[in-house]
Structures are given as structure tokens and as C-alpha cells.
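Have a look at the structure below, then the notes.
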Amino acid sequence: MANDTVILTTLNAAWSEPGSVLDVFLESFRAGESTRELLDHLVIVSLDSAAHERCGQVHRHCFVLVAGGVNFSGQKNFMTDGYLKMMWSRINFLGQVLEKGFSFIFTDTDIVWFRNPLPHFYLDGDFLIACYHFTGDPDDLSNAPNGGFAYVRSNSETIEFYRFWYAAREKHPGLHDQDVLNSIKNDSFVAELGVKIKFLSTELFGGLCEPSRNMSRVCTMHANCCIGLSRKISDLDAMLRDWRRFMALPQDDKHSVSSWTVPRNCR
């Protein structure tokens with residue numbers, strides 16, 4: 001974008017097959033409000049050759065990431081060894097993006113986009129991250145971070161923060177990036193860095209853990225708190241159907257709609 005911000009998502013073969021998560025993800029941009037043009041700034045980072053080939057069939061901007069010969073092509077269930085390696089490769093890569101001078105919006109592919117989130121980002125924050133549950137205070141470090149959606153400004157503070165975060169995995173073996181972030185967010189070194197951490201409201205950036213209650217404001221919805229690819233696809237499809245029904249309503253009726261038909265299979 002004009003301010004050197006790029007939208008990034010990561011993708012492996014299991015999530016890229018026709019009819020899988022990728023198709024719902026891209027369709028949400030086309031169905032959303034002021035989101036279609038954001039596809040021009042989306043780079044799909046493929047974690048294997050099959051995902052990269054599929055990306056080239058459906059999107060303009062594709063980048064293949066080779067991570068030390070590790071095979072990320074299959075479905076990686078939560079907290080398995082393959083899942084952890086994939087998550088930490090992602091943190092390392094995002095740190096390199098910051099070092100190159102690019103700010104980014106990172107989004108998991110199991111997130112549907114309904115509105116442009118940029119106007120809702122805090123101007124005084126360096127590292128903005130979604131939550132599993134939101135306390136109501138964007139500065140409250142007791143919020144539980146959800147690494148599936150984040151906006152990070154490229155500056156010296158965030159570059160050093162990502163280096164520290166990635167290095168911290170060695171002190172916390174067997175933990176994924178979100179749990180390690182929970183451990184380091186109160187660290188004195190992070191405070192000394194001066195990186196300004198802000199947490200995003202689930203009203204705007206919701207998920208199955210804590211759905212947005214305001215369809216007139218929601219920007220994104222995440223199929224979190226859900227294990228199993230087929231379950232995720234089913235509920236993501238349902239979210240998109242809910243959105244289309246909402247958008248088809250007369251304007252005067254929209255303010256009264258606040259609920260989703262999900263979770264279903266992810267219940």
C-alpha cells in the first residue's frame with residue numbers, strides 16, 4: 001500500500017485445495033464491504049510447492065517460503081510437532097518482513113473479511129493483535145492474544161520485539177507462539193523496548209471463541225476454537241452465508257441483527 005503495508009497470509013497444501021479454506025477466504029474479500037480492493041495488497045505465502053501452484057491459479061501475488069527443508073504440506077493439527085514448527089517459521093518470516101521496512105497485517109486463512117480493518121487500528125500502537133477473549137481494555141496485558149490476526153508497524157521496536165519473541169521459543173520448548181507471547185508480554189525487556197502493544201476488540205475482530213455481537217461493525221471473523229479442517233470449512237461457509245443474508249436486508253433492518261448461525265460443526 002502507499003504506506004508500505006502489506007497483507008500476508010500463510011498457506012499449505014491441505015488448506016489450498018479447491019473447496020478448502022483458501023476459497024472461502026478469498027471469496028470473503030469479494031463479498032465484503034470495501035474489501036475487494038485489498039486483494040491487490042494481499043500476498044499469499046505458500047509453505048510448500050502444491051500450495052504455491054494453487055495460489056498461482058487463484059491469486060496474483062504469491063511467495064513460496066522454504067523453511068529449512070521442513071515439509072509443511074499436510075494438515076497440521078493443533079500443538080503437534082509439525083504445527084509448532086510451522087508457527088515458529090511464520091514468526092521468523094514476519095520478523096524478516098519488518099526488517100525489510102514493510103508493516104503488515106497478518107491474517108490466518110481461516111478468517112473471513114467483511115470490512116476494511118485499517119480505519120479501526122489504533123494510531124498509537126506498534127503491535128496490534130486480536131484476542132480470544134477481550135476484557136474491554138485494549139491496553140490490558142491480561143487479554144489473551146490470538147496470533148491469527150495482527151497489525152504490526154515496521155520500526156526499531158517491533159523488529160527487536162520479533163527477534164526477542166522468536167528467540168524465546170528456546171526457553172519455552174513445546175509451546176506455540178501465542179503461549180510464548182503470553183509469557184513475554186510482561187517481560188521487563190519488552191517494557192524497556194517501548195513497543196506499544198494494543199489488543200483488538202472482538203466486536204470488530206471476532207471469532208468462534210468470542211463472536212462479534214455487531215454485524216454492522218464487524219471486520220473479520222475467525223474459525224478459532226475449532227479443531228479439524230472440515231469443521232472449519234463448514235463454519236466459515238456458514239459465516240459467509242450469514243454475511244450475505246445480512247447485506248441483503250433493508251438498511252433499517254440491519255441494526256437489529258447481531259447473531260450468527262455459528263458455531264455449528266465447531267461447537
Side-chain angles (χ1 to χ4, degrees), residues 1-13 15-66 90-91 93-123 125-130 147-155 158-159 162 200 204-207 212 215-223 233 236-237 239-240 243-244 246-247:
M1 303 179 190
N3 62 353
D4 288 333
T5 298
V6 62
I7 304 170
L8 299 169
T9 192
T10 51
L11 183 70
N12 71 353
W15 284 35
S16 66
E17 295 176 357
S20 191
V21 173
L22 176 61
D23 289 350
V24 185
F25 174 71
L26 293 176
E27 181 57 27
S28 73
F29 280 85
R30 293 187 281 266
E33 199 170 73
S34 301
T35 51
R36 182 183 289 267
E37 58 267 29
L38 295 178
L39 288 171
D40 293 336
H41 309 291
L42 169 69
V43 177
I44 297 176
V45 181
S46 305
L47 300 175
D48 55 69
S49 58
H52 190 58
E53 180 179 355
R54 169 75 170 142
C55 178
Q57 296 169 359
V58 296
H59 190 61
R60 290 174 56 199
H61 308 304
C62 307
F63 177 82
V64 62
L65 177 66
V66 178
R90 184 175 83 183
I91 295 299
F93 170 73
L94 293 175
Q96 294 178 45
V97 172
L98 294 173
E99 290 175 10
K100 292 182 180 297
F102 293 100
S103 302
F104 62 78
I105 302 170
F106 177 80
T107 172
D108 274 349
T109 321
D110 61 341
I111 291 178
V112 281
W113 285 51
F114 298 127
R115 290 185 176 89
N116 186 343
L118 286 164
H120 302 283
F121 291 155
Y122 300 105
L123 298 178
D126 298 315
F127 177 83
L128 284 58
I129 190 163
F149 188 92
Y151 171 63
V152 188
R153 289 188 173 89
S154 176
N155 56 37
T158 57
I159 290 170
Y162 265 75
L200 298 168
L204 297 172
F205 304 93
S212 168
M215 293 186 75
S216 295
R217 296 195 68 208
V218 64
C219 294
T220 63
M221 278 280 286
H222 190 179
I233 295 169
L236 287 167
D237 277 332
M239 289 182 213
L240 200 51
W243 172 256
R244 291 187 189 279
F246 171 77
M247 292 300 290

| Should we count OH of Tyr162 as having more than 12 external heavy atoms under 6.0 Å? | yes

| task | Taking salt bridge (charged side-chain N to carboxylate O under 4.0 Å, His left out) as the test, write out the residues that go with Arg217, two or more places apart. | result | Glu203

| query | For Ser46, which residues count as a side chain to side chain donor-acceptor pair (under 3.5 Å) partner, sequence neighbours excluded? | reply | none

| said: Looking at Arg54 and Asp48, is there a salt bridge between them, counting it only when a charged N and a carboxylate O are closer than 4.0 Å? | reply: no

| message | Under the rule for ring-ring contact (aromatic ring centres under 6.0 Å, His included), what residues qualify as partners of His61, not counting sequence neighbours? | response | His59

| request: Give me the ring orientation class for Phe63 and Phe93: parallel if the planes are under 30° apart, tilted from 30 to 60°, perpendicular past 60°. | output: parallel

| note | CD1 (Ile44) and SG (Cys62) are apart, to the nearest 0.5 Å, by 5.5 Å

| Using 30° and 60° as the class limits, which term best fits the ring planes of Phe25 and Phe29: parallel, tilted or perpendicular? | perpendicular

| remark: Hits for side chain to side chain donor-acceptor pair (under 3.5 Å) against Thr10, two or more places apart or cross-chain, chain-then-number order -> none

| note | With sequence neighbours left out, the residues meeting ring-ring contact (aromatic ring centres under 6.0 Å, His included) with Tyr151 are Phe121

| request: Could I get the full list of side chain to side chain contact (heavy atoms under 4.5 Å, CB included) partners for Glu37, not counting sequence neighbours? | output: Ser34

| message | Give me each pair satisfying side-chain hydrogen bond (donor to acceptor under 3.5 Å, both in side chains) with a member in residues 109-123, each pair once, sequence neighbours excluded. | response | Thr9-Thr109, Glu33-Arg115, Thr107-Trp113, Asp110-His222, Asp110-Lys232

| request: Applying side chain to side chain contact (heavy atoms under 4.5 Å, CB included), name anything that partners Glu99, two or more places apart in sequence or on another chain. | output: Ile159, Arg163

| query | To the nearest 0.5 Å, what is the distance between CE (Met239) and CD1 (Ile111)? | reply | 9.5 Å

| remark: Residues passing the side chain to side chain contact (heavy atoms under 4.5 Å, CB included) test with Arg244, sequence neighbours excluded, are Glu27, Ala31, Leu240

| message | Can you tell me how far apart OG (Ser154) and CG (Leu94) are? Round to the nearest 0.5 Å. | response | 12.0 Å

| message | Applying side chain to side chain contact (heavy atoms under 4.5 Å, CB included), can you list everything that pairs with Ala130, at least two apart in sequence or on another chain? | response | Asn146, Phe149

| note | Those residues at least two apart in sequence (or on a different chain) that pass side chain to side chain donor-acceptor pair (under 3.5 Å) with Ser103 are none

| Pair Leu200-Ile129, side chain to side chain contact (heavy atoms under 4.5 Å, CB included): steps then yes or no | CA-CA 6 Å; Leu200 298 168; Ile129 190 163; 5.9 Å; no

| query | Considering residues at least two apart in sequence or located in another chain, which fulfil the side chain to side chain donor-acceptor pair (under 3.5 Å) criterion with Thr158? | reply | Asn155

